[in-house]
Protein chains: 2
Amino acid sequence: MIDPPVPTPRPERARLIDIAREVGVTKSVVSRVLNDDPTLTVRPETRRRIWAVAQRLGYRAHAGARALAGAETRALALLIPDLGNPVYSRIIRGAYRRAREHGYVVLLAEDTTDDAADEAFPELVEAGRVDGLLIASARPDHQLLASPRLSRVPHVFVNREVPGSGRNVGMDLPAASATAVRHLHALGHRRIGLVSGPEELQPARARAAGFVAAMRELGLDPGGIARGSFDERGGAGAAQELLRGVPDLTALYTSTLGQAVGTLHAVRSLGLRIPDDVSVVAYDDLPLADHLDPPLTTIGMPLLELGAAAVDAVLRQLGGEPPADVVVPTRPVVVERRSTARPAGRQEVAGGEPGPPRSAATGRSRARPRPPR
Amino acid sequence: MIDPPVPTPRPERARLIDIAREVGVTKSVVSRVLNDDPTLTVRPETRRRIWAVAQRLGYRAHAGARALAGAETRALALLIPDLGNPVYSRIIRGAYRRAREHGYVVLLAEDTTDDAADEAFPELVEAGRVDGLLIASARPDHQLLASPRLSRVPHVFVNREVPGSGRNVGMDLPAASATAVRHLHALGHRRIGLVSGPEELQPARARAAGFVAAMRELGLDPGGIARGSFDERGGAGAAQELLRGVPDLTALYTSTLGQAVGTLHAVRSLGLRIPDDVSVVAYDDLPLADHLDPPLTTIGMPLLELGAAAVDAVLRQLGGEPPADVVVPTRPVVVERRSTARPAGRQEVAGGEPGPPRSAATGRSRARPRPPR
DNA sequence: GCCCGGTAGGAAACCGGTTTTCTGATGGAG
DNA sequence: CTCCATCAGAAAACCGGTTTCCTACCGGGC
C-alpha cells in the first residue's frame with residue numbers, strides 16, 4: 001500500500017470528453033450537438049445518443065472553461081445597495097426568473113456605500129465571472145459611474161435613473177403619484193401632502209413632479225411638499241412638517257414604505273387618528289403593508305416586471321443592440337387597505353359629500369371597535 | 001477598407017502575458033510572483049517591477065482560467081430561502097465581509113421552494129462557479145439534502161441545523177430564550193407565554209427547549225407554549241391562543257420578529273395594551289423593531305458573526321479539515337425598547353414589588369405619558 | 001580546471017470547453 | 001465509370017491561467 005486513498009482528488013464531474021468516449025465520437029461533436037450548432041450535420045441517432053448520455057451523466061459545462069473559450073459566462077451580476085430593503089427582493093426575483101428563462105444565472109452582490117463596492121465590480125466583472133451588469137439604485141456620486149471600466153461591459157441602471165446614460169430601466173413614477181393623488185381626490189380629499197425624498201435623487205424628483213402635475217390637473221394646490229430621507233426617520237420628519245405647516249391637510253402620500261412607517265408615527269404622536277383624521281397612502285406595495293397598524297393603502301408597482309425588463313435590456317446589449325432607456329409599461333395600481341378613508345373633516349369640512357363606494361380591502365376587514373374619546 | 005471597425009472584439013483585459021512581456025519575463029514567473037509561490041526565486045527588483053506593472057494595468061486573474069487550471073474559484077455560494085426576510089441580510093453581510101478578508105467572493109442565490117431551487121445548485125456548484133456552499137435555513141425536506149451530489153462539495157448549514165450532518169453553524173438559541181425569560185422575570189413577570197414556531201423546524205424546538213429550561217430554573221410553569229408559522233399570521237394565531245387560554249398571562253416571547261408583529265395585532269385586538277397589560281419580547285433584533293408601535297424589546301443575536309463563522313467553517317473544509325458543528329460564542333443581549341414593562345397587574349397582581357432598576361433603553365427613551373384609566 | 005550548489009527564470013503540459021478547418025465515405029448525376 | 005457534392009464527424013488551435021520540471025549562469029571549493 002504505497003498509495004493511501006486520497007481524500008478528494010477527482011472532482012468527478014462529467015466532462016465533454018466522457019460523453020464523447022461513451023458515445024464514440026469526439027468532444028467537438030458533443031459540444032456542438034449540445035449547443036445546437038447549425039453548421040454541424042450529424043445523424044439524428046447520434047444526436048439522440050449524445051443527449052441521452054449527457055442527461056444520464058448529469059453533464060453541465062464548466063462555466064470557467066466555457067468563458068475561457070470565448071463564449072459567454074451566461075451569468076449576470078446584480079448590484080443591490082441594501083439587501084435589508086425588501087423592495088429589492090422583488091426586483092431580484094423578477095430578474096432571476098427572466099434570466100433563467102434565457103439560461104442565465106444572476107449573481108447578486110450588495111453594493112454598500114463603503115469599500116465593499118470597490119470590490120464587487122472587479123471581482124465579478126473584471127474577473128470575467130459575468131457577461132453583464134445590472135446596477136440597482138445607483139447613487140449619483142457612485143464612483144463606478146465615472147469609471148471608464150464600466151463602459152467596457154454591457155450594463156443597465158435599474159430603479160434609479162442615471163440621466164443621459166441611455167441605459168435606464170425604470171417604471172412610470174409620475175403615473176404612480178397621479179394614481180395616488182387621484183385615489184385620494186376621489187375619496188374627497190382636497191389638501192394632500194407629499195412626503196418626498198432627497199432632492200438629489202432622481203426617483204424622488206420624478207414622484208414629486210408627478211404629484212405636482214396630478215394635483216394641478218385636478219385643480220388642487222400642489223404646495224404641500226416636504227422632504228426627508230427615504231427611511232422611517234425621514235418620513236416622520238417630513239410628515240410632521242406637513243401636518244404642522246399645512247392647514248386643513250387630510251391626506252399624505254409617502255414616497256416609500258419606510259417613510260410611511262415614520263409617517264404613521266408622526267401622525268399619531270400629534271394625537272391624530274388614521275384614517276379618521278388623516279389618510280395615508282404609500283408608494284410600493286410590500287408584504288409589510290399588510291401588517292402595519294392600520295394596514296396601509298399602497299400604490300403597487302410592477303417590481304417583478306422591472307427586474308425582468310432589466311435582464312431583457314442587458315441581454316439585448318449582449319446581443320449587439322445599442323443600449324436604450326426602457327420604461328416598464330405596467331400601470332401602478334391602488335392596493336386599498338385601511339389607512340385611507342373619506343375625510344371626516346378634521347375641522348370645518350365635516351359634511352360628507354358623496355364619493356365612490358369603498359372597494360373591499362385586502363385581508364380581513366373586521367370591524368374595529370372605536371374607543372370613545 | 002475591407003475591414004469595418006468591429007464593435008467590441010477585444011475584451012481589453014490585462015492578461016498575465018501582457019505583464020510578462022512588459023517586464024521581460026515569462027508568464028509563469030508573473031503568475032508565481034503574484035501568487036507568492038515559495039518555490040520560486042526571483043530578484044527583488046524583478047518582483048517589484050512585476051507588481052508595479054500588474055498594478056498599473058489593473059490586472060486581475062480571469063476567474064474561469066484560474067478555476068480551470070485546477071486552482072480554486074475563490075467564490076462561495078450562499079443559498080438564502082427568502083431575500084425578503086431582513087434576518088438574512090445581516091447574515092449575508094457578515095458572510096461577505098469575512099469572505100472578502102480571505103480573498104473570496106460570495107455569490108448569492110435565492111433558494112425558494114419552487115423549481116428555482118433545482119437550478120441554483122447545478123448552476124453554481126456543478127458549473128464550477130464556486131468552491132463551497134453555505135445553505136441558510138434548509139428545510140428538512142429540501143431535496144438537496146438527500147442528493148449525493150451535495151456531498152461532493154464542501155458545505156455548511158447556517159441558521160437551521162440539519163441533525164447529524166456535522167456541518168451546522170448556529171447560535172446559542174437556548175441561551176436566547178433564557179435571556180428573554182430572565183429579563184421578563186427580573187421585571188416581575190411570572191406567567192410568560194412562548195409564541196413558538198413549527199415543531200418540525202429545529203430552531204423552533206431549540207428555542208422552546210431553552211424556554212422550558214429557563215422557566216423551570218426560575219421555578220415558573222413553562223406550560224404556556226403555542227405554535228404557529230414563523231410569520232405574522234402564525235404569531236397572531238399563537239398569541240391569541242395564549243392570551244385566551246393562559247390565565248394571568250403578563251408577557252409573551254415570540255420566536256421571530258414577524259411573529260411579534262402578529263402578536264402586537266392580536267394583543268390589541270383583544271383590547272389589551274402593550275406594555276401596560278402585556279409585555280412582548282421578540283427574538284432577533286432588526287431595524288424594524290425600532291419602528292413598530294410600540295418599539296419592540298428584542299433579543300439581539302450575533303447575525304454578522306453567524307455569517308462570518310459559516311464562511312470560516314466552509315473555508316476550513318476547503319483547507320482539508322473535516323466538517324464540524326460550530327456554535328457562535330457571542331451571547332444574546334436584550335435590546336430594551338418600549339414593549340416591555342413591569343406587570344401592572346392585569347388582574348389581582350396589582351401590588352408593585354421592587355425589581356431591578358430599568359436599564360436605559362436604546363434610542364430616545366422619552367418619557368411615555370401613561371393615560372389615566 | 002572541474003564540479004557543485006544555489007540563483008533566476010524558461011518551457012511546456014494541462015485544465016475543459018468552443019470553433020474553425022479538414023477529411024473520409026457515400027451517393028447521385030452525367 | 002468518374003466526378004463532385006454532401007453528409008458525418010475528426011483534428012487541432014485556442015482561451016488565460018497554474019504548476020511541474022528543466023536549464024543557464026555564476027561563484028566558490030578542491
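Quick note on labels: first sequence line is chain A, next is B, and so on, each numbered from 1.
Side-chain N/O atoms of B:R15 include one lying less than 4.0 angstrom from OP1 or OP2 on D:dG16. Within the structure, a side-chain polar atom (N or O) of A:Y59 is placed less than 4.0 Å from OP1 or OP2 of C:dG17. Residue B:S31 places at least one side-chain N or O closer than 4.0 Å to OP1 or OP2 of D:dT18. Considering only side-chain N and O atoms, B:T26 lies under 4.0 angstrom from the phosphate OP1 or OP2 of C:dG10. Distances shorter than 4.0 Å separate none of the side-chain N or O atoms of B:R43 from OP1 or OP2 on C:dT7.
Tested against A:V33 for a side chain to side chain contact (heavy atoms under 4.5 Å, CB included), the candidates A:T46, A:V23, A:V25, A:I50 yield a single pass: A:I50.
Salt bridge present: B:D312 and B:R98 bring a charged side-chain N and a carboxylate O closer than 4.0 Å. At a threshold of 4.0 Å, the pair B:R100-A:E123 does not count as salt-bridged, since none of the basic side-chain nitrogens sits closer than that to a carboxylate oxygen. With salt bridges taken as basic N to acidic carboxylate O contacts below 4.0 Å, none links B:K27 and B:D18. Salt-bridge check for A:R56 with A:E22: passed, with a basic side-chain N closer than 4.0 Å to an acidic carboxylate O.
No N or O donor and acceptor, one from the side chain of A:R60 and one from the base of C:dG17, sit under 3.5 Å apart. A:S28 contributes a side-chain N or O that forms a donor-acceptor pair with the base of D:dA11 under 3.5 Å.
Of the candidate nucleotides C:dT21, D:dT18, C:dG16, C:dT21 has the atom nearest to the side chain of A:R32. Proximity note for A:R13 (side chain, C-beta onward) versus C:dG17, D:dG9, D:dG17: the nearest is C:dG17. Picking from D:dT18, D:dG9, C:dG10 the nucleotide with the shortest atom distance to the side chain of B:N35 gives D:dT18.
Within the nucleic acid shown, A:A14 comes within 4.0 Å of sugar-phosphate atoms alone, with no base atom in reach, counting heavy atoms only. Using a 4.0 Å heavy-atom criterion, one finds that A:T46 contacts the sugar-phosphate atoms exclusively. Across all strands, A:A63 comes closer than 4.0 Å to no nucleic acid atom at all (heavy-atom distances).
Whole-Å rounding puts the B:D36 CG to D:dT18 C1' distance at 15 Å. In this entry the distance linking NE2 of B:H62 with P of C:dG16 reads 16 Å, nearest Å. The CG atom of B:D37 sits 15 Å away from the P atom of C:dA8 (whole-angstrom rounding). A straight line from CZ of A:R66 to P of D:dG16 spans 18 Å, rounded to a whole angstrom. Atom CG in B:D131 sits about 13 Å away from atom P in D:dT18, given to the nearest Å. Atom CD1 in A:I17 sits about 15 Å away from atom C1' in D:dG9, given to the nearest Å. Atom-to-atom, CG of B:L16 to C1' of D:dT19 comes out at 13 Å; the value is rounded to the nearest Å. Between B:R21 atom CZ and C:dG10 atom C1' there is a gap of 16 Å when expressed in whole angstrom units.
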### Query
Please walk me through it: do B:R32 and B:V42 pass side-chain contact (heavy atoms from CB on, under 4.5 Å)?
CA-CA 10 Å; B:R32 292 187 289 170; B:V42 268; over 6 Å; no
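A residue-by-residue look at B:G24 and B:K27 shows that B:G24 has its nearest nucleotide of DNA chain C further toward the 5' end. Between B:L40 and B:A69, the residue anchored closer to the 5' end of DNA chain C is B:L40, taking for each the nucleotide with the nearest heavy atom.
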